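Below is one structure, written out as structure tokens; comments come after it.
The structure displayed is predicted, hence computed values, not measured ones. Just so it is clear: chains get the letters A, B, ... in the order the sequence lines come, proteins before strands, and each one is counted from 1.
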Amino acid sequence: MGFAGLAVGAAMAGLRPICEFMTFNFSMQAIDQVVNSAGKTLYMSAGSVHVPVVFRGPNGASAGVAAQHSQCFAAWYGHCPGLKVLSPWNSLDSKGLLKAAIRDDDPVVFLENELMYGVPFDMPEEAQSPDFLLPIGKAHVERTGQHITVVAHSRVVGFCLEAATALAKEGIDCEVINLRSIRPLDMATVEQSVMKTNHLITVEGGWPLFGVGAEICASIMEGPAFDYLDAPATRVTGVDIPMPYARNLEEISGPQVKDIIMAARRMLTGREESRATA
Amino acid sequence: MFLPGRPLARRALRLLRNLGARSFADFASEATFDIKEACGVGIENAIKPTDHLITAYRVHGIAYMRGIPVKSILSELTGRQGGCAKGKGGSMHMYGQNFYGGNGIVGAQVPLGAGVAFAQKYQGFDSLCVAMYGDGAANQGQIFEAFNMSYLWSLPCLFVCENNQYGMGTAVERASANIDYYQRGDYIPGIKVDGMDVLCVREATKFAADYIRSGKGPMLMELETYRYHGHSMSDPGISYRTREEIKEVRSKSDPISLLRDRLVGSGLSSVEELKEIDVEVRREIEEASQFATSDPEPPLSDLTTHIYQTGLNSRIRGITPWQQLAAA
């Protein structure tokens with residue numbers, strides 16, 4: 001509460017602070033400053049008080065840190081008008097989106113992932129420039145496909161790509177969308193994809209109820225892509241429980257590659273087991 | 001040295017009367033600035049316009065002192081487009097130059113104020129931030145967090161606790177283990193000030209501001225004051241204290257009466273002169289209130305303006321999926 005408020009006050013008075021939460025679990029204590037002081041002030045002041053602050057830190061499940069240190073806050077912050085909420089997956093996302101967040105004049109919640117910090121990625125030449133930016137509010141199609149749209153954010157984007165590789169062997173061609181931005185949510189990209197593939201799965205590490213996938217499914221129903229669905233959309237999410245500590249339990253608390261494969265296969269073939277030959 | 005010059009006194013009285021416009025308490029839920037006038041006027045006369053200030057929700061008098069015209073304040077209370085926040089903020093959320101509201105969540109404004117002070121020091125300015133809160137907020141953890149960081153980093157922050165003896169309906173003795181609010185900053189030097197005496201407040205603030213501007217770090221000032229009315233329009237204000245208590249304060253310690261008696265008693269002003277000021281102020285208030293009741297409400301399109309500074313060309317979802325509103 002103290003330093004989050006201090007960062008917001010400094011932003012109101014002309015600086016561009018970056019406030020780091022050691023994990024977003026601790027931001028729950030400071031959430032009033034994020035939502036009420038940062039998010040709503042531009043509106044309440046009819047545009048006269050700006051709050052160009054960035055709140056960043058690791059979000060979601062880690063490894064062996066148990067229930068109080070493993071929550072995903074994408075849905076919590078994504079719910080609130082006045083905030084922008086970003087969720088990078090790879091190095092390109094992290095660099096381009098963080099810089100965009102800092103340069104953005106609005107309060108941005110930047111949800112990183114601890115388990116991704118150590119994962120290396122190839123970076124194209126232009127991404128290495130100090131002015132490389134990615135647009136806020138735009139999803140990215142990581143893999144094009146014809147049969148099914150798989151939408152995800154953060155670490156599980158990688159799982160979706162692995163699942164897509166496996167599914168390709170059975171003749172199932174996945175289009176994998178990396179949301180990058182939770183608020184604003186790029187439904188246009190998702191809708192365009194669903195109107196091509198006619199099938200939709202959302203994948204997230206967070207809890208199922210009132211989550212990111214829930215929002216995507218509701219929006220699909222309200223938009224032009226609904227008429228293109230050949231099957232109801234499915235959400236693949238974390239289990240609806242506090243995160244357990246024991247490793248074997250933790251492993252089955254969140255979506256794995258096999259869960260994504262099974263969900264896609266079931267939607268397209270009606271079967272959970274593969275009939276594909278290797 | 002001890003008595004103010006005539007121009008200051010006359011101006012102070014005019015300002016006090018402005019703020020004591022009790023007829024407009026009807027419009028606002030938290031409007032009752034009454035009796036705190038000495039605090040707001042005293043502080044503003046001791047700091048510079050380039051200094052910064054932030055307070056909680058009982059903000060109308062402070063807003064006036066920070067330079068927002070009466071018209072803009074009253075029409076914000078009535079939710080009109082001529083309001084200082086165009087009707088989008090309301091009674092609790094008024095902002096101006098170097099003035100950050102107007103904050104509805106009790107205590108949140110104190111770390112914000114420390115942050116504003118941080119920004120002054122970071123940029124090498126010699127301005128300070130006055131961060132105001134009440135006895136009701138004084139036990140909030142985040143206030144102590146703000147104290148800690150301000151002292152550690154020598155931030156130019158003047159913490160001001162307006163102790164009006166009641167946090168909503170709870171008397172200070174029932175709320176705080178230690179009701180010496182000026183001491184609650186622990187390592188931060190604190191002074192206790194008679195919040196009913198505008199000159200006392202002004203001199204104390206000057207002292208504190210000089211201390212802070214010299215780079216010695218933050219200071220805490222407790223202003224002992226009172227609240228005539230209830231906490232808000234839904235609080236009659238007499239279920240937790242007696243009418244006699246209120247009457248007694250009004251007759252013995254009212255800041256406007258005190259200053260008037262001083263001015264007249266020392267020959268700096270006459271009863272007639274002060275009456276003239278009174279009449280003039282009431283006229284100004286009357287005009288402003290006419291405006292506040294006749295100015296139109298904001299256009300419906302203002303519903304979706306000022307959500308983001310850098311707009312994203314996205315539509316804002318309305319009440320139903322087919323109501324997609326334009327953001328601006």
Closest heavy-atom pair and its distance - A:Ala10, B:Ala119: O-CB, 4.0 Å
Report the option among B:Gly107, B:Ala146, B:Gly101, B:Ala108 that has the most heavy-atom pairs separated by less than 4.5 Å from atoms of chain A. B:Ala108
Minimum heavy-atom distance A:Gly2-B:Glu145, with the two atoms named: N-OE1, 2.6 Å
Rounded distance [0.5 Å steps], CD in A:Glu222 versus CZ in B:Arg317: 4.0 Å
Give, as side chain, backbone, both or neither, the part of B:Leu155 having an atom under 4.5 angstrom from any heavy atom of chain A. side chain
What are the two closest heavy atoms between A:Gly9 and B:Val116, and how far apart are they? O-CG2, 3.5 Å
Quick one: of B:Ile105, B:Val110, B:Asn103, who has the most non-hydrogen atom pairs under 4.5 Å with chain A? B:Ile105
To the nearest 0.5 Å, atom NE2 of B:His306 lies from atom OG of A:Ser48 at 8.5 Å
Of the listed B:Gly113, B:Gly83, B:Gly115, B:Ala114, the one with the largest count of heavy-atom pairs under 4.5 Å with chain A is B:Gly115
Between B:Gln309 and A:Asp106, the two heavy atoms sitting closest are N-OD1, 2.5 Å
Does CZ in A:Phe210 sit with more than 12 non-hydrogen atoms of other residues, nucleotides or ligands closer than 6.0 Å? no
Distance col, row B:Tyr95:OH vs A:Thr41:OG1, nearest 0.5 angstrom, shows 4.5 Å
Measuring from atom CD1 of B:Ile307 to atom NZ of A:Lys84, what distance do you get when rounded to the nearest 0.5 angstrom? 11.0 Å
Need one label for B:Gln120: side chain, backbone, both or neither, based on atoms under 4.5 Å from any heavy atom in chain A. side chain
